[in-house]
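The structure under discussion appears below in the form of structure tokens.
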Amino acid sequence: MARQFTAYLGRHLNALRVARWGELVADGRPLVIYSNHPSWWDAVLYIVLARTVLPGYASFAPIDAAMLEKYRFFARIGAFGLDLESRRGAVEFLRRARAILAQPEHALWITAQGSFQDVRARPLALRPGIAHLPEHAADAIFVPLAIDYCFWSERGAEALVAFGPPLAAAELATLTRPERLARLEQALGTTMDQLAADAISRERERFRALVEGRQGVGGVYDLWRRLRARLHGERFQPGHLEQRP
């Protein structure tokens, strides 16, 4: 499934890139990776990132139970369904999370905003459930994940991500729940702002490509460009930016 989603991403987006300052370094401890939630594509990114940046980890993610009924294959790749609007669902979430995070090399991926939100919206309004987790997973590390989508020079969008500085659950547990939520939100917001600055720069050198799609327009137009380049003895560049040595 991860391979299929990687190919799917490459067909429909120009690239998935991670900021060089925001790469994830895991040491085997259980992880809570929590992100903003700007797009339907976030679920695809989770699957591809789990394969590319955490290949040795078992990854899991909560998903709305109604959505899981519609897309049942997600249950086969680590998703578990919850009634996200009920107290019973909240209790079940904490129970599942506790079991997952009790194991080393396990990761729990959470869209902490709960619903789609524009990347420019502030405050981030993270759901309060995430602030309960440090009490149930003392050995876990919380890692903010910023996600952004933008268009640069190609017809496909750029999916940009960055992981922020880790936060130890043991340290978060010393705070009150409102303080924890504010701390988690501040860490994610700072990471998102830094990623946005890199997105605005349009400098690909600031990123490492995890997946690259097919560049150019395709079809007859790119065929004509390819033939013209051959006639002039030039190397065909499908992208619209000059390739740097």
Side-chain angles (χ1 to χ4, degrees), residues 18-19 21-27 29-39 42-43 45-46 49 53-54 59-64 80 82-102 106-149 160-200:
V18 59
W21 55 265
E23 300 224 33
L24 179 61
V25 178
D27 60 6
R29 286 181 289 179
L31 299 174
V32 177
I33 300 173
Y34 69 101
S35 77
N36 58 313
H37 194 16
S39 167
D42 302 342
L45 261 58
Y46 275 13
L49 288 171
V53 305
L54 285 178
S59 289
F60 303 85
I63 186 173
D64 183 77
F80 54 94
L82 295 172
D83 180 357
L84 300 177
E85 301 300 328
S86 71
R87 178 175 175 79
R88 181 179 178 181
V91 171
E92 179 65 10
F93 166 68
L94 291 175
R95 186 187 72 80
R96 294 283 192 101
R98 186 187 305 115
I100 291 167
L101 299 172
H106 277 47
L108 182 62
W109 299 70
I110 302 173
T111 52
Q113 291 177 302
S115 60
F116 295 137
Q117 301 289 335
D118 192 280
V119 295
R120 293 158 292 194
R122 297 294 188 276
L124 297 181
L126 303 188
R127 288 203 167 195
I130 193 172
H132 292 252
L133 281 180
E135 302 167 27
H136 300 270
D139 295 329
I141 301 297
F142 286 67
V143 181
L145 168 61
I147 299 174
D148 204 342
Y149 302 93
L160 308 177
V161 299
F163 296 91
L167 303 167
E171 295 181 11
L172 289 170
T174 65
L175 306 174
T176 66
R177 287 175 184 168
E179 289 172 338
R180 285 178 216 156
L181 191 62
R183 179 72 184 90
L184 291 165
E185 186 166 319
Q186 182 272 329
L188 178 56
T190 298
T191 307
M192 290 171 61
D193 291 343
Q194 190 170 351
L195 179 62
D198 285 348
I200 292 170

Exercise. Verify side chain to side chain contact (heavy atoms under 4.5 Å, CB included) between I33 and L108, making sure each step is shown before the conclusion.
Key: CA-CA 6 Å; I33 300 173; L108 182 62; over 6 Å; no
Quiz item: Shortest non-hydrogen contact from P134 to R180?
Solution: CG-CD, 4.0 Å
Self-check item: Test log, rule side chain to side chain contact (heavy atoms under 4.5 Å, CB included), inputs V161 and L145
Solution: CA-CA 7 Å; V161 299; L145 168 61; 4.0 Å; yes
Quiz item: Between A112 and I130, what is the shortest heavy-atom contact and its length?
Solution: CB-CD1, 4.2 Å
Quiz item: Roughly how far apart are L31 CG and I100 CD1, rounded to 0.5 Å?
Solution: 12.5 Å
Quiz item: Could you go step by step and tell me if L24 and L49 meet the side chain to side chain contact (heavy atoms under 4.5 Å, CB included) rule?
Solution: CA-CA 10 Å; L24 179 61; L49 288 171; over 6 Å; no
Practice problem: Without swapping roles, check the side chain of D42 against the backbone of S39 for a donor-acceptor pair under 3.5 Å. | Solution: yes
Self-check item: Inter-residue atom distance T191.OG1 - Q186.CD, 0.5 Å rounding
Solution: 8.5 Å
Practice problem: Search all heavy atoms of S35 against all heavy atoms of L188 and return the closest pair with its distance. | Solution: C-CD2, 3.8 Å
Quiz prompt | Interatomic distance, T111 atom OG1 to R127 atom CZ [nearest 0.5 angstrom] | solution = 8.5 Å
Quiz item: Are side-chain heavy atoms of L133 and L94 found at a separation under 4.5 Å?
Solution: yes
Self-check item: Expected output: side-chain Y46 to main-chain S59 donor-acceptor under 3.5 Å
Solution: no
Exercise. Search all heavy atoms of M192 against all heavy atoms of V119 and return the closest pair with its distance.
Key: CE-O, 3.5 Å
Quiz item: Do the ring planes of F163 and W109 sit parallel (below 30°), tilted (30 to 60°) or perpendicular (above 60°)?
Solution: perpendicular
Quiz item: What are the two closest heavy atoms between D198 and A19, and how far apart are they?
Solution: OD2-CB, 4.2 Å
Quiz item: Could you walk me through whether E179 and R183 pass the salt bridge (charged side-chain N to carboxylate O under 4.0 Å, His left out) check?
Solution: CA-CA 6 Å; E179 289 172 338; R183 179 72 184 90; over 6 Å; no
Practice problem: Determine yes or no for a side-chain-to-main-chain donor-acceptor pair under 3.5 angstrom, with D148 supplying the side chain and L160 the backbone. | Solution: no
Quiz item: Got a sec: does the CD of E135 have more than 12 other heavy atoms crowding it under 6.0 Å?
Solution: yes
Quiz item: So, does Q113 use its side chain to make a donor-acceptor pair with the main chain of L124 at under 3.5 Å?
Solution: yes
Self-check item: Rounded distance (nearest 0.5 Å) linking atom CZ of R29 with atom CG of L101
Solution: 13.0 Å
Practice problem: State the CZ-CD distance between F142 and E171, to the nearest 0.5 angstrom. | Solution: 12.0 Å
Quiz item: Is the side chain of T190 donor-acceptor paired with the backbone N or O of A187 at a distance under 3.5 Å, no angle test?
Solution: no
Self-check item: P165 versus P144, closest heavy-atom pair with distance
Solution: O-CD, 3.4 Å
Quiz prompt | N/O donor-acceptor pair under 3.5 Å between Y34 side chain and L184 backbone | solution = yes
